[in-house]
Amino acid sequence: MAEAVPVRCPACLRENGYVAPVFPCACGSPVNPPLDLSAPPVLLTHRTWSDSWVAVRCSTCGRESEWPHPELGCGSCGTVVRLPVHPADPPESGTGPVTGTVTGPGATAGPAGPAGSAGPAGPGRPDPAVPADQHGGATGSPAAARPDTDPAHTPQPPTAAVPRPAFRPVTIRTARDAVATAALYLRWLGFQDVRQPDGRPIPSAAVDLRAPGLVAQVDPTTAPAGLRAVECVWLNGLTASATSVYFSLAGYTEDARDRADELGIPLFVMDLTGMPQPVNDPADELVGSGA
């Protein structure tokens with residue numbers, strides 16, 4: 001597994017440890033985006049489909065595929081940054097034939113044969129024949145896609161040890177993927193019968209997910225969640241006498257973080273690899289103790 005590298009947040013200037021995610025090439029070899037540590041991280045304020053993917057070449061077979069662009073949520077302020085990546089190098093001689101190039105979100109790489117031949121599915125896209133729970137962005141432990149905890153954000157000791165298997169992330173491509181990933185994560189935490197209320201569209205629903213004793217908001221937009229959003233999910237939880245939890249793809253504003261700490265609302269940030277990361281102490285306590 002790759003070693004953690006320090007990444008300085010451009011908003012609060014604190015350093016966070018980051019481990020580049022490892023993805024499975026079609027040939028079975030692990031590939032990971034080559035981080036450009038000489039370039040500063042870019043503050044992520046707006047997402048586009050093309051910028052959310054990066055071309056990575058497998059050093060074993062020479063195949064070039066597209067995978068989620070490395071991102072990091074600051075463990076101190078919740079700011080989401082995108083890490084620069086070196087462009088894919090041309091295939092080296094002797095690494096094997098290039099069976100196809102994935103050039104966009106809809107392109108596919110075929111099996112061994114002439115370059116550019118079409119196949120059923122590319123290595124960077126889910127195969128409909130594969131069960132949904134086997135789609136994921138990283139191989140092995142999902143901790144490879146999760147950055148180390150920032151020293152300024154020290155996790156609280158869990159109130160009770162809850163033995164459970166490692167969470168298997170699912171790559172996020174759409175708003176529905178974000179809601180589905182949050183639901184899977186809440187079930188992994190121990191909440192039962194997690195569902196989306198009927199008749200509530202995505203992503204405009206005030207509360208996207210509910211379960212007995214739980215009210216959760218999933219924000220798949222490109223803007224950081226603000227104070228009002230955090231207070232709304234807290235009020236919904238207070239009305240239902242339930243735990244309030246918030247998931248965001250773009251992080252949180254500073255006043256939203258402060259208010260969540262005051263109200264004891266667990267905040268999580270998700271990247272495109274589908275691995276939720278706790279960003280405050282209530283979230284660390286929830287992960288440690290479970291539902």
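Predicted, not measured: the structure shown is a model, and the values here were computed from it.
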Begin with the C-alpha distance, continue with both residues' side-chain angles, and end with the deciding distance and a verdict on side chain to side chain contact (heavy atoms under 4.5 Å, CB included) for Cys12 and Thr79. CA-CA 9 Å; Cys12 67; Thr79 299; over 6 Å; no
Provide the closest heavy-atom pair for Trp234 versus Ser244 in the form atom of the first, atom of the second, distance. CA-OG, 3.6 Å
Would you mind reporting whether Ser65 and Val31 have side-chain heavy atoms less than 4.5 Å apart? no
Could you check whether the rings of Phe268 and Phe247 sit parallel, tilted or perpendicular, using 30° and 60° as the cut-offs? parallel
Can you tell me how far apart CD1 (Ile172) and CE (Met270) are? Round to the nearest 0.5 Å. 4.5 Å
Given Leu184 and Arg187, is the side chain to side chain contact (heavy atoms under 4.5 Å, CB included) satisfied, shown in steps? CA-CA 5 Å; Leu184 289 173; Arg187 294 189 188 104; 3.8 Å; yes
Minimum-distance pair of heavy atoms, taken over all atoms of Pro169 and Met275: CB-N, 4.0 Å
Could you walk me through whether Gln277 and Asp271 pass the side chain to side chain contact (heavy atoms under 4.5 Å, CB included) test, one step at a time? CA-CA 9 Å; Gln277 304 169 24; Asp271 58 20; 3.5 Å; yes
Test Val287 against Tyr185 for side chain to side chain contact (heavy atoms under 4.5 Å, CB included), laying out the working first. CA-CA 10 Å; Val287 172; Tyr185 192 76; 3.4 Å; yes
Quick one: are Cys9 and Cys77 in side-chain contact, heavy atoms under 4.5 Å? yes
In this structure, OG1 of Thr243 is separated from CG of Leu238 (nearest 0.5 Å) by 11.5 Å
Looking only at heavy atoms, which two atoms of Val22 and Pro30 are closest? And how far apart? CG1-CB, 3.4 Å
Verify the cluster assignment for Leu227 and Val279: are they in a single hydrophobic cluster under the rule of side-chain heavy atoms below 4.5 Å apart? no
Going from CG on Leu272 to CZ on Arg82, what distance comes out if it is rounded to the nearest 0.5 angstrom? 7.5 Å
Derivation of the salt bridge (Lys or Arg N to Asp or Glu O under 4.0 Å) call for Glu262 and Arg259: CA-CA 5 Å; Glu262 294 174 2; Arg259 188 60 170 158; 2.9 Å; yes
Please give me the minimum heavy-atom distance between Phe191 and Ala211, naming the atom from each residue. CB-CB, 4.4 Å
Is the closest side-chain heavy-atom distance between Glu66 and Phe23 below 4.5 Å? no
Check Ser248 against Tyr252 and note the closest heavy-atom contact, atom names and distance. N-OH, 3.4 Å
What I'd like to find out is whether the side chain of Pro34 reaches to under 4.5 Å of the side chain of Val85, using heavy atoms alone. yes
Nearest-0.5 Å distance that lies between atom CG in Asp281 and atom CG in Asp284: 6.0 Å
Is there a side-chain contact between Leu209 and Val179, using heavy atoms and a 4.5 Å cut-off? yes
Distance check, rounded to the nearest 0.5 Å: Leu44 atom CG versus Leu83 atom CG? 10.5 Å
Is it possible for you to say whether Leu37 and Val42 belong to one hydrophobic cluster, with membership spreading through side-chain heavy-atom contacts below 4.5 Å? no
Considering non-hydrogen atoms only, spot the tightest contact between Pro84 and Ala39 and give its length. CG-CB, 3.7 Å
Report yes if the side chains of Pro24 and Trp67 come closer than 4.5 Å at any heavy-atom pair, otherwise no. yes
Answer yes or no: is there a side-chain heavy-atom contact under 4.5 Å between Asn236 and Arg210? yes
Asp258 side chain to Asp255 backbone, donor-acceptor under 3.5 Å: no
Quick test of your reading of the model: are Arg257 and Glu254 salt-bridged, counting only N-O distances below 4.0 Å? no
Ignoring hydrogens and geometry, is there a side-chain-to-backbone donor-acceptor pair from Ser289 to Glu285 under 3.5 Å? yes
How many angstroms lie between CG in Leu267 and CG in Asp261, if you round to the nearest 0.5 Å? 7.0 Å
